[in-house]
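Both ligands and their constituent atoms are indexed starting at 1 by order of listing. This chain uses plain numbering: 1 for the first residue, then up along the sequence. Computation of the quantities below employed the complete heavy-atom set of this structure, encompassing side-chain atoms and omitting hydrogens, waters and symmetry-equivalent molecules.
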Amino acid sequence: MKLSTHVFQRISDQGMPIISVDNPQASLELSLFGGHVLSYMPKRDNRQRLWMSPKAVMDGSKAIRGGIPVCWPWFGAAAEPALPAHGFVRDQMWQVLRVDDDNDLTRIQLQPEFSHLAGGGQLELMLELLIGEQLTVNLVTHNRQSKSLRFGGALHSYFRVKHIDQVVVDGLSGAYMDKVGNLLVEETPSPYVITQETDRIQLNAVSDVHIREAGQQTAIGFSGHDSIVVWNPWQDKSAQMGDMTTDGYQQMLCIEAAITQGIELAPGHSHTLTQIIG
Ligand code: TA6
């Protein structure tokens with residue numbers, strides 16, 4: 001089904017609605033399950049920016065391992081044990097609100113089926129993708145209630161790398177909280193290389209990071225975040241995860257625009273969490 005000049009919708013072999021964008025600048029695939037970007041490839045170099053696990057479950061029974069999962073309205077473990085980690089929008093159906101094609105840019109806006117918070121509060125959520133020479137992902141939270149509400153989240157992007165051993169991450173600085181080291185606060189290393197299981201909440205919310213490797217680099221821009229999360233499960237954790245291959249960790253690195261400390265949103269106000277992938 002054609003949604004606009006450059007945008008089509010189809011049903012995958014596993015019965016999930018998939019949106020495909022192919023415009024003069026880039027191509028992208030998006031699953032309506034999770035409002036989840038699956039792939040993004042700018043045409044200037046035809047290099048896939050996002051990593052997708054070969055064992056990702058794509059039938060709607062669980063969140064997809066790879067691409068850009070949307071974590072909202074909390075990051076990480078939930079306050080109540082019965083609730084899922086990383087919120088409840090990455091495993092529900094989303095709907096398309098609007099599609100626009102300009103010559104070089106396609107804009108898609110989506111919303112999840114429901115966005116209630118535990119405790120009865122309701123925030124409205126919208127995901128906007130601007131697909132062109134760069135991919136801009138805007139996650140917009142709006143408080144239509146008469147009281148302030150607190151939320152968190154992340155654009156949990158999985159970047160594709162040639163080999164994790166060759167990667168240097170540039171742009172991070174200051175202190176980080178080490179989730180594999182009892183949440184101890186450590187100083188950001190320089191050079192920033194990944195040599196073991198890494199799960200860090202970088203507390204200095206810088207606005208530009210680069211993933212550098214021989215012959216290529218990926219620029220990542222951020223705004224509206226309070227931290228940047230860096231995650232690689234390494235070999236043992238990968239082997240334990242049903243939707244990752246044992247050596248899957250070698251080709252990926254998560255660098256996430258995150259709200260880990262929480263944001264208090266006043267009534268009538270909006271907040272936009274942005275990640276720009278170049
Ligand atoms: O963002 C890093 C992280 O919170 C890790 O602690 C981690 O286990 C990961 O996300 C993946 O979480 P998931 O719920 O998708 O398995």
Peer 1: So, D102 side chain and D104 main chain: donor-acceptor pair closer than 3.5 Å or not?
Peer 2: no
Peer 1: Tell me whether the centres of the aromatic rings in W74 and F88 are closer together than 6.0 Å.
Peer 2: yes
Peer 1: Report each N/O pair between ligand 1 and the protein that falls under 3.5 Å, naming both atoms.
Peer 2:
from	atom 1	to	atom 2	distance (Å)
ligand 1	1 (O)	H156	NE2	3.0
ligand 1	1 (O)	E256	OE1	3.0
ligand 1	1 (O)	E256	OE2	2.8
ligand 1	4 (O)	H86	NE2	3.1
ligand 1	4 (O)	K179	NZ	3.3
ligand 1	6 (O)	K179	NZ	3.2
ligand 1	6 (O)	D199	OD2	2.5
ligand 1	10 (O)	H86	NE2	3.1
ligand 1	10 (O)	H156	NE2	2.9
ligand 1	14 (O)	R90	NH2	2.9
ligand 1	15 (O)	R65	NH1	3.0
ligand 1	15 (O)	R90	NH1	2.8
ligand 1	16 (O)	R65	NH1	3.3
ligand 1	16 (O)	R65	NH2	3.0

Peer 1: Who pairs with H142 by ring pair (Phe, Tyr, Trp, His ring centres under 6.0 Å), at least two apart in sequence or on another chain?
Peer 2: none
Peer 1: Can you tell me if T106 and N23 form a side-chain donor-acceptor pair at under 3.5 Å?
Peer 2: yes
Peer 1: Would you say that more than 12 heavy atoms from the other residues, nucleotides or ligands in this model lie under 6.0 Å from the NZ of K237, or not?
Peer 2: no
Peer 1: For the pair H86 and H156, name the ring-plane relationship: parallel under 30°, tilted 30 to 60°, perpendicular over 60°.
Peer 2: perpendicular
